[in-house]
There are 2 protein chains.
Amino acid sequence: MIIDNIINKIYTLPAASLELLKAQLHLVHYPKGTLLLKANIIEESMYFLSKGIARAFATVGDDEVTFYFGQEGDFIFSINTYIAGQKSYESFELLEPCELYEINVAHLKELYEIDVHLANWGRKFAEQELLRTEQRLIAMQCKTAQERYHDLLENEPELLQRVQLGHIASYLGISQVSLSRIRADRR
Amino acid sequence: MIIDNIINKIYTLPAASLELLKAQLHLVHYPKGTLLLKANIIEESMYFLSKGIARAFATVGDDEVTFYFGQEGDFIFSINTYIAGQKSYESFELLEPCELYEINVAHLKELYEIDVHLANWGRKFAEQELLRTEQRLIAMQCKTAQERYHDLLENEPELLQRVQLGHIASYLGISQVSLSRIRADRR
DNA sequence: GGAAGAATTTTACAAATGTTAAATAATACA
DNA sequence: TGTATTATTTAACATTTGTAAAATTCTTCC
């Protein structure tokens with residue numbers, strides 16, 4: 001996905017502001033399996049994902065809980081670091097070889113302070129993440145595991161093809177055995 | 001809670017920007033039980049809550065699911081309307097007589113476009129809601145109902161005093177019977 | 001093609017949570 | 001104060017989901 005499209009999908013920037021932002025980006029490539037951001041660290045970078053797929057997960061006791069999948073055009077960043085400047089509680093793993101645009105969070109925040117268009121871009125960025133997250137929360141609270149699975153199947157069918165089911169199960173908040181049961185349609 | 005504090009708690013504004021924002025606010029009072037915002041409507045207003053407590057809930061099938069409590073200093077707004085300009089899927093009910101500052105969302109967004117400080121205020125506002133929502137989502141996905149209840153007891157003890165348990169149970173994503181069991185510490 | 005390893009499904013049983021209805025406690029107010 | 005109403009807890013049972021381990025299927029790679 002073209003970087004201009006990734007940026008302008010959030011909020012269309014005037015050319016000058018777009019160039020200010022793009023001047024801070026560095027194109028990078030990493031292989032499948034890379035741990036791009038690690039939990040319990042204050043990371044300095046965030047990433048715009050232009051090719052590939054990644055997941056965010058937290059380690060809870062013995063096992064990992066996946067709570068986000070990023071695909072082309074999505075963003076890879078620790079919410080707690082980006083917003084509160086504190087240690088992240090999630091790690092990001094690349095599930096395919098990925099192409100990303102890296103940006104230093106501190107530099108990005110400086111841009112927000114000096115350019116009203118970039119400040120509004122940053123506002124829209126947070127707002128879209130908020131909308132997505134709230135929808136997930138409501139689904140989690142209001143719907144059964146079975147409904148959540150069928151929603152995912154309907155809205156993100158390609159995800160089921162690209163990601164192994166253990167990750168999907170923990171994303172849905174259930175065990176892999178439960179997911180198998182749902183898929184087999186036995187209840 | 002003083003309105004200047006509610007505003008500046010998000011992001012400290014220069015005096016001129018603060019006045020721009022405050023000029024759009026109207027102080028209002030409503031009794032307990034008021035449905036301030038209604039689901040399936042595009043509401044034009046949002047509110048800064050200076051006194052009292054409110055809940056957001058969605059109607060799912062026969063019953064209501066509460067997924068937000070707003071207290072002094074919090075905000076009352078439909079995320080889907082505020083962000084996407086679309087029908088809200090939640091309603092807001094006042095659980096006590098409340099004092100609020102009402103603002104027209106369209107006017108607020110105009111301010112975002114013309115003043116970099118207000119744009120950054122709007123950014124920070126969305127970011128803080130995002131952080132809060134993501135933490136709730138992670139708790140929902142990673143923790144047992146029992147842990148979520150004890151977290152609430154520890155972090156928001158006054159909420160348990162002010163809100164009836166049926167609402168707390170649905171906020172925690174469990175039935176009221178389950179909540180009673182957890183409170184009785186029988187398992 | 002075939003063996004080794006990884007992913008997924010299945011089985012059997014345990015634990016958690018839900019549902020309905022009844023019992024008890026708390027609150028409102030005539 | 002006493003009664004009606006509402007909120008909360010308890011009981012009994014059904015359903016969902018989890019856990020551990022085995023069986024099966026799919027991938028990888030020599």
Side-chain angles (χ1 to χ4, degrees), chain A residues 31-33 53 55 57-67 69 93-97 137 139-153 157-187, chain B residues 31-34 53 55 57-67 69 93-97 137-153 157-187:
Chain A
K32 173 175 176 171
I53 187 165
R55 71 180 180 115
F57 65 95
T59 303
V60 180
D62 268 352
D63 37 33
E64 298 174 351
V65 179
T66 295
F67 53 90
F69 292 109
E93 178 193 4
L94 305 187
L95 301 177
E96 294 175 1
L137 176 63
M140 210 66 183
Q141 227 173 303
C142 298
K143 298 194 173 182
T144 65
Q146 201 189 146
E147 289 171 315
R148 296 199 299 278
Y149 172 72
H150 287 301
D151 286 354
L152 193 68
L153 204 58
E158 70 294 353
L159 207 62
L160 275 295
Q161 304 306 316
R162 293 174 83 177
V163 173
Q164 62 190 57
L165 292 173
H167 295 150
I168 299 282
S170 94
Y171 178 78
L172 293 172
I174 57 178
S175 69
Q176 186 166 355
V177 173
S178 272
L179 179 56
S180 265
R181 275 194 281 244
I182 288 168
R183 285 163 59 85
D185 206 22
R186 294 169 294 107
R187 218 141 320 118
Chain B
K32 173 175 175 170
T34 303
I53 187 166
R55 72 180 179 115
F57 65 94
T59 302
V60 180
D62 268 350
D63 39 31
E64 297 174 350
V65 179
T66 295
F67 53 90
F69 292 110
E93 178 192 6
L94 305 186
L95 301 177
E96 294 175 1
L137 176 63
I138 291 179
M140 211 66 183
Q141 227 172 304
C142 298
K143 297 191 174 186
T144 64
Q146 200 190 145
E147 290 172 315
R148 296 200 298 278
Y149 173 71
H150 287 301
D151 286 354
L152 194 67
L153 204 57
E158 71 293 352
L159 206 64
L160 276 295
Q161 305 306 315
R162 293 174 83 177
V163 173
Q164 61 192 57
L165 292 173
H167 295 151
I168 299 283
S170 94
Y171 177 77
L172 293 171
I174 56 179
S175 69
Q176 187 166 355
V177 173
S178 272
L179 179 56
S180 266
R181 275 194 280 244
I182 288 168
R183 284 162 59 84
D185 206 18
R186 293 168 294 107
R187 217 142 319 117

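To find a chain, count down the sequence lines: A is the first, B the second, and so on, and within it residues start at 1.
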Side chain to side chain contact (heavy atoms under 4.5 Å, CB included) evaluation trace for A:L152 with A:Y171: CA-CA 10 Å; A:L152 193 68; A:Y171 178 78; 3.9 Å; yes
Trace of the side chain to side chain contact (heavy atoms under 4.5 Å, CB included) decision for B:I53 with B:L159: CA-CA 9 Å; B:I53 187 166; B:L159 206 64; 3.6 Å; yes
Option from B:R162, B:R55, B:K32 for which salt bridge (Lys or Arg N to Asp or Glu O under 4.0 Å) with B:E96 holds: B:R162
Expected output: side-chain A:Q141 to main-chain B:T66 donor-acceptor under 3.5 Å: yes
side-chain N/O B:S175 vs C:dG18 OP1/OP2, d < 4.0 Å: yes
Atom pair distance, as rounded to whole Å: CG in A:L160 and P in C:dA7: 17 Å
Footprint string (nucleotides 25-30 of chain C, 5' to 3'): B base within contact, S backbone only, - free, heavy atoms under 4.0 Å: ------
Residue whose closest nucleotide on DNA chain C lies nearer the 5' end, A:L179 versus B:L179: A:L179
Closest approach of B:L172 to B:M140 (non-hydrogen atoms, all atoms of both residues): O-CE, 3.6 Å
Proximal nucleotide (of D:dT10, C:dT11, D:dT17) relative to the A:S178 side chain: D:dT17
Heavy-atom pair of closest approach, residues A:R148 and A:K143: NH1-O, 2.8 Å
From D:dT17, C:dT17, D:dT10, nucleotide with atom closest to A:A145 side chain: D:dT17
Separation of atom CD1 in A:I168 from atom P in C:dT9, rounded to whole Å: 12 Å
Value in whole Å for how far the P atom of C:dT8 lies from CD1 of A:I174: 13 Å
Value in whole Å for how far the C1' atom of D:dT17 lies from CG of A:L172: 13 Å
Length of the CE-C1' vector between B:M140 and C:dA16, whole Å: 15 Å
A:L160 vs A:Y149, side chain to side chain contact (heavy atoms under 4.5 Å, CB included): CA-CA, chis, key distance, verdict: CA-CA 10 Å; A:L160 275 295; A:Y149 172 72; 4.0 Å; yes
B:I182 CD1 to C:dT17 P, straight-line distance once rounded to whole Å: 6 Å
Whole angstrom value for the distance that separates C1' of D:dT27 from CD of A:Q161: 16 Å
Distance, rounded to the nearest Å, where A:D63 contributes CG and D:dA20 contributes P: 10 Å
Shortest non-hydrogen contact between A:C142 and B:V60, atoms and distance: SG-CG2, 3.7 Å
Worked verdict on A:F69 versus A:H167 for side chain to side chain contact (heavy atoms under 4.5 Å, CB included): CA-CA 9 Å; A:F69 292 109; A:H167 295 150; 4.0 Å; yes
For nucleotides 6-8 of chain D, list the nitrogen or oxygen atoms of the protein found under 3.5 Å from its nitrogen or oxygen atoms, one pair per line.
unit_1, atom_1, unit_2, atom_2, d
D:dA7, OP1, B:Q164, OE1, 3.2
D:dA7, OP1, B:Q164, NE2, 3.3
D:dT8, OP1, B:L165, N, 3.2
D:dT8, OP2, B:L165, N, 3.0

